[in-house]
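Reviewing the structure listed below.
Values below: every heavy atom of this structure, side chains too, minus hydrogens, waters and symmetry copies.
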Amino acid sequence: MKILVTGGAGYIGSHTLVELSSAGFEFIVLDNLSNSNLEAIKRVEKIIGKSIEFIKGDIRDKKLLNEIFTKYNIDSVIHFAGLKAVGESVAKPLEYYDNNINGTIKLLEVMKEHNCKKIVFSSSATVYGDPKEVPVTEDAQTGIGITNPYGRSKYFIEEILKDLYISDNSWKIAILRYFNPIGAHESSLIGEDPQGIPNNLMPYIAQVAVGKLKELQVFGNDYDTVDGTGVRDYILVVDLAIAHVKALEYLNKNEKLYEPLIVNLGTGKGYSVLELVKAFENASGVKIPYKISPRRPGDIAIVFANPSKAKKLLGWEAKRGIEQMCQSSWNWQSKRG
């Protein structure tokens with residue numbers, strides 16, 4: 001039995017491949033490399049000490065998906081593939097809805113045709129919109145006040161998965177709501193490697209630290225937070241990757257689920273942009289110049305997780321703190337230059 005990992009060459013996907021291999025799982029990787037690089041797969045191969053079956057292709061290509069499911073004995077899917085930049089989604093909503101929602105529908109259609117009914121879906125805390133209370137529990141309202149098409153695409157896919165389960169409760173579905181993954185693998189062989197100007201905060205800070213970028217743009221310092229900058233729940237990508245293995249193991253050991261499994265993946269603690277900058281400066285010994293810019297459309301002031309459900313059901317919790325996250329990011333970026 002093999003797992004199909006869509007978007008497996010990406011940042012979170014590549015780290016999850018390492019953890020899947022460590023746990024003894026066999027997998028196939030499908031990725032269109034639109035925001036990733038084949039080099040990541042080669043680096044994972046180096047870490048795990050064996051070759052990876054990689055297929056370049058798009059989840060919207062049903063012919064290719066059918067060929068994959070016909071050729072390999074695919075037992076389950078971990079679904080990462082999707083466009084993920086909040087700001088870009090505001091500028092390019094149709095691209096985001098087509099890629100993320102239409103792509104997922106095609107994937108689910110092919111899974112159904114091949115009687116593969118087990119999926120772990122990469123969702124996002126953006127489905128909560130601007131939450132009324134923090135820390136955020138899984139029972140918090142979703143779909144209301146989402147401020148960008150990226151978040152709405154994740155919300156719509158969650159609803160599609162819930163409806164799919166209602167139509168056929170033999171499906172086993174895990175929906176993992178990520179907060180803010182950062183950092184890199186301890187080998188410094190894989191990490192966040194965005195193409196062009198980074199959309200996410202940590203790689204932007206890291207590229208400023210090595211001189212690739214002149215200064216950090218801090219979008220807004222007038223939020224109602226400790227220092228006026230946005231507060232988020234940052235989680236080391238390795239901890240996040242381990243949670244996917246735990247979720248898959250949960251689906252495997254439960255003969256039947258009475259509803260889709262939905263869990264938050266975060267540390268339960270929030271840090272502001274400037275607190276993260278300070279922690280990175282401490283880890284790297286490098287001063288990070290920054291300038292304050294206007295708020296970005298779609299950003300909210302503060303959000304962090306209540307991750308207790310993941311601990312209770314999956315036996316999972318984030319192990320690493322902000323210092324280790326920053327240190328791993330610095331190690332990864334400083335080796336790359």
Side-chain angles (χ1 to χ4, degrees), residues 11-12 15-16 19 78 80 82 84 86 120-148 150-155 157-159 161-162 173-183 192 200-202 223-226 229-248 250 259-276 279 298-326 328-329:
Y11 174 44
I12 301 164
H15 286 80
T16 301
E19 301 307 325
I78 301 181
F80 293 108
K84 63 175 188 175
V86 168
V120 176
F121 173 57
S122 163
S123 192
S124 166
T126 55
V127 301
Y128 294 118
D130 194 347
K132 290 184 174 67
E133 294 180 2
V134 290
V136 185
T137 69
E138 291 83 357
D139 294 329
Q141 190 175 46
T142 59
I144 304 298
I146 299 175
T147 52
N148 56 81
Y150 163 73
R152 274 189 286 275
S153 76
K154 292 294 187 183
Y155 167 72
I157 293 167
E158 285 196 9
E159 294 301 297
L161 289 168
K162 291 174 190 174
I173 297 166
I175 294 169
L176 308 183
R177 292 175 178 161
Y178 306 168
F179 280 69
N180 292 70
I182 61 174
E192 192 166 8
N200 293 336
L201 177 60
M202 181 57 93
Y223 290 107
D224 185 16
T225 62
V226 62
T229 64
V231 169
R232 299 291 182 269
D233 187 338
Y234 297 99
I235 175 173
L236 183 69
V237 65
V238 175
D239 280 334
L240 187 67
I242 291 168
H244 292 77
V245 177
K246 297 282 191 185
L248 189 61
Y250 181 89
E259 60 184 355
L261 170 74
I262 301 175
V263 292
N264 289 335
L265 298 179
T267 64
K269 183 169 175 53
Y271 291 91
S272 74
V273 173
L274 294 184
E275 284 175 329
L276 188 67
D299 278 350
I300 60 177
I302 181 168
V303 60
F304 60 94
N306 178 334
S308 59
K309 186 178 176 184
K311 185 175 182 180
K312 180 182 175 184
L313 296 183
L314 305 182
W316 172 91
E317 62 182 329
K319 302 283 191 192
R320 289 84 167 180
I322 198 75
E323 298 81 9
Q324 194 167 346
M325 300 179 211
C326 290
S328 67
S329 287

Exercise for the section: Check the pair N180 / I235 against side chain to side chain contact (heavy atoms under 4.5 Å, CB included), numbers first and verdict last. Expected result: CA-CA 6 Å; N180 292 70; I235 175 173; 5.7 Å; no

Practice task
With side-chain hydrogen bond (donor to acceptor under 3.5 Å, both in side chains) as the test, would you mind laying out the steps for N306 and S308 before giving the verdict?
Solution key: CA-CA 6 Å; N306 178 334; S308 59; 2.7 Å; yes

Exercise for the section: Would you please test V263 and L314 for side chain to side chain contact (heavy atoms under 4.5 Å, CB included) and show each step? Expected result: CA-CA 9 Å; V263 292; L314 305 182; 4.1 Å; yes

Handout entry: R152 and Y150: CA distance, side-chain angles, deciding distance, side chain to side chain contact (heavy atoms under 4.5 Å, CB included) verdict
Key = CA-CA 5 Å; R152 274 189 286 275; Y150 163 73; over 6 Å; no

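A donor-acceptor pair is defined here as one N or O able to donate and one able to accept, closer than 3.5 Å; such a pair exists between the side chain of Y11 and the backbone of I182. Side chain of D239 to backbone of K319: a donor-acceptor contact under 3.5 angstrom is found. One N or O on the side chain of D233 and one on the backbone of T267 form a donor-acceptor pair closer than 3.5 Å. At distances below 3.5 Å, not a single donor-acceptor pair connects side-chain atoms of N200 with backbone N or O atoms of M202. K309 places a side-chain N or O within donor-acceptor distance of the main-chain N or O of I262, the cut-off being under 3.5 Å. Counting only distance, with no hydrogens or angles, the side chain of E317 and the backbone of P307 share no donor-acceptor pair below 3.5 Å. Side-chain atoms of D130 do not come within 3.5 Å of backbone N or O of I300 as any donor-acceptor pair.
You'll find the side chain of S272 reaches within 4.5 Å of the side chain of V226, heavy atoms only. Within the 4.5 Å cutoff, the side chain of V303 has heavy atoms near those of the R232 side chain. For the pair T126/Y155, no side-chain contact is recorded, criterion being any heavy-atom separation below 4.5 Å from C-beta on. Between N264 and Y128, the closest side-chain pair of non-hydrogen atoms falls below 4.5 Å. For the pair S122/K84, no side-chain contact is recorded, criterion being any heavy-atom separation below 4.5 Å from C-beta on. Two residues are said to be in side-chain contact when any heavy atoms from C-beta on lie closer than 4.5 Å; L313 and L261 meet this criterion.
Note on E158 versus R177: salt bridge recorded, some NZ/NE/NH1/NH2 to OD/OE distance being below 4.0 Å.
Evaluated for a side chain to side chain contact (heavy atoms under 4.5 Å, CB included) with V231, the options T225, V273, L276, V134 yield exactly one hit, T225.
Pairing each heavy atom of A241 with each of E19, the nearest pair is CB-CG, 3.8 Å. A pairwise comparison of heavy atoms in P181 and I12 identifies CG-CD1, 3.7 Å as the closest pair. Among all heavy-atom pairs drawn from G151 and V127, the shortest one is O-CG1, 4.1 Å. Listed here is the closest heavy atom pair of G230 and Y223: N-CD1, 3.8 Å. Smallest separation of non-hydrogen atoms from G183 and S329: CA-OG, 3.1 Å. Nearest heavy atom pair, residue L236 against residue S328, reads CD1-OG, 3.5 Å.
A distance of 8.0 Å separates CD1 of I146 from CD1 of I144, quoted to the nearest 0.5 Å. To the nearest 0.5 Å, the span separating OG1 on T16 from CG on L248 amounts to 11.0 Å. For the atom pair F304 CZ and F179 CZ, the distance stands at 9.5 Å (nearest 0.5 Å). Separating the CD atom in E133 from the CG atom in D139 is a distance of 11.5 Å, to the nearest 0.5 Å.
Aromatic ring centroids of H244 and F121 lie 6.0 Å or more apart.
Remark: K269 is positioned above the aromatic ring of Y271, its terminal NZ or CZ atom under 6.0 angstrom from the ring centre and at most 45 degrees off the axis.
Judged purely by distance below 3.5 Å, without hydrogens or angles, the side chains of S123 and Y178 never pair a donor atom with an acceptor atom.
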